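A, B, ... follow the sequence lines: proteins, then strands. Residue 1 opens every chain. Because the structure is a prediction, the values reported are computed rather than measured.
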There are 2 protein chains.
Amino acid sequence: MKVEEALQILKEKGYKYTGKREKLIRICAAERRYLSAKDIMERIKDDYPNLSFDTVYRNISTFVDLGILEETELDGEGKYRLACSADGHHHHHVICTECGKTSSLPGCPMNIMSSIPEDFQVTGHKFEVYGTCSDCASVPSHS
Amino acid sequence: MKVEEALQILKEKGYKYTGKREKLIRICAAERRYLSAKDIMERIKDDYPNLSFDTVYRNISTFVDLGILEETELDGEGKYRLACSADGHHHHHVICTECGKTSSLPGCPMNIMSSIPEDFQVTGHKFEVYGTCSDCASVPSHS
DNA sequence: TAGTAAATCAGAATAAATCCGATTTAAAGG
DNA sequence: CCTTTAAATCGGATTTATTCTGATTTACTA
């Protein structure tokens, strides 16, 4: 998804334009990486020093609902990135647990999962591969 | 995994036997369902009313490290069940997001994932299918 | 340009999980 | 059986991520 598309979605759905919202989207668009709410907040503060964290959380939540951001959970913390599955075909990610960097995997395992009980109403699925990217492998862990 | 196996693992690794530990394991063994720390705590309290939640969290964490319990995260909350992947072949689960009930899926999508970057060190993966089981579908949601 | 609903602020409140110092207890050895 | 000791537990404070609330500000509409 591109920044302009995201802003367009907001406009269409009747949400107001604010500089903070655009900044938030631009921050996520700048990296193929999952960011925590705190990561995002710090970066917005460059432009808006008196930012309230409520604003960040509320907007993130709105954007996830609208499909502008994708969410996952790492280390008991919500992490977010600009939606990309929405772009073309549905797919999944390899995620670096050190820095959140992602790369795409082709295909979806749901295609070959034929044995889900018939009386089970599927509402979603998660397939994620975790590990350490080459950049993070070459420096000592900061955890 | 059976209760006896779990207790055997504890003994082998030099952990002490306590009634609370056995009870915790028995509680998880009693259901094919993910339970929250709070769920587990409430059930142990039947036998041990003055239980400290530190004890429950600490033991859960130990058991996860030892491979006695499997962990996932639902609604920003840790959920646990007796390890079953360890039993025979590695596999994945369909999970009811209402009650935590699980059923097994044969096979693992990692087998057909050939396009993970070579310089990425894989440390784990998660494949879970979410939805509503037939029991929960027939009663109004309590959320 | 005034009115209005939405967005933001600032900080309190919540909830899961962890930490910490004091006390108790399982189990090994004499 | 008794003593010893490290592990386990207790009880409560603390931390951390997130949500809530009521007052204030702001983007858009007419």
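Only B:Tyr15, B:Lys16, B:Thr18, B:Lys20, B:Arg21, listed by number, bring a heavy atom of residues 14-26 of chain B to less than 4.0 angstrom from any atom of DNA chain D.
Looking at A:Glu77 and A:Lys79, a side-chain N of the basic residue comes within less than 4.0 Å of a carboxylate O on the acidic one, giving a salt bridge. Using a cut-off of 4.0 Å between Lys/Arg side-chain N and Asp/Glu carboxylate O, B:Glu42 and B:Lys38 are scored as not salt-bridged.
At distances below 3.5 Å, at least one donor-acceptor pair connects side-chain atoms of B:Arg33 with backbone N or O atoms of B:Cys99. Of the possible donor and acceptor atoms, none in the side chain of A:Ser61 sits under 3.5 Å from a partner among the backbone N and O of A:Tyr57.
Between A:Leu66 and A:Tyr15, some side-chain heavy-atom pair lies under the 4.5 Å cut-off.
We find that CG of A:Leu10 is positioned 12 Å from C1' of C:dA7, with the value rounded to whole Å. Here the C1' atom of nucleotide C:dA7 and the CD1 atom of A:Ile44 are 13 Å apart, to the nearest Å.
None of A:Arg81, A:Glu70, A:Glu31 except one satisfies the side-chain hydrogen bond (donor to acceptor under 3.5 Å, both in side chains) rule with A:Thr102; the exception is A:Arg81. Paired with A:Asn59 under the rule side chain to side chain contact (heavy atoms under 4.5 Å, CB included), one option of A:Val64, A:Ile44, A:Leu24 passes, and it is A:Leu24.
In the displayed structure, A:Asp65 atom CG is contacted under 6.0 Å by more than 12 heavy atoms of other residues, nucleotides or ligands. Within 6.0 Å of CZ in B:Arg32 there are 12 or fewer heavy atoms belonging to other residues, nucleotides or ligands.
For DNA chain D, the span of nucleotides reached by chain B at under 4.0 Å from its heavy atoms goes, 5' to 3', from D:dA6 to D:dA13.
Between A:Thr55 and C:dC9, a side-chain N or O to OP1/OP2 separation shorter than 4.0 Å is present.
Considering all non-hydrogen atoms of both residues, B:Leu69 and B:Cys28 come closest at CD2-SG, 3.9 Å.
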Worksheet item: In the 5'-to-3' direction, what one-character label does each nucleotide of nucleotides 12-23 of chain C receive under the scheme B = base within less than 4.0 Å of a protein heavy atom, S = sugar-phosphate only, - = no such atom?
Response: B---SBBBB---
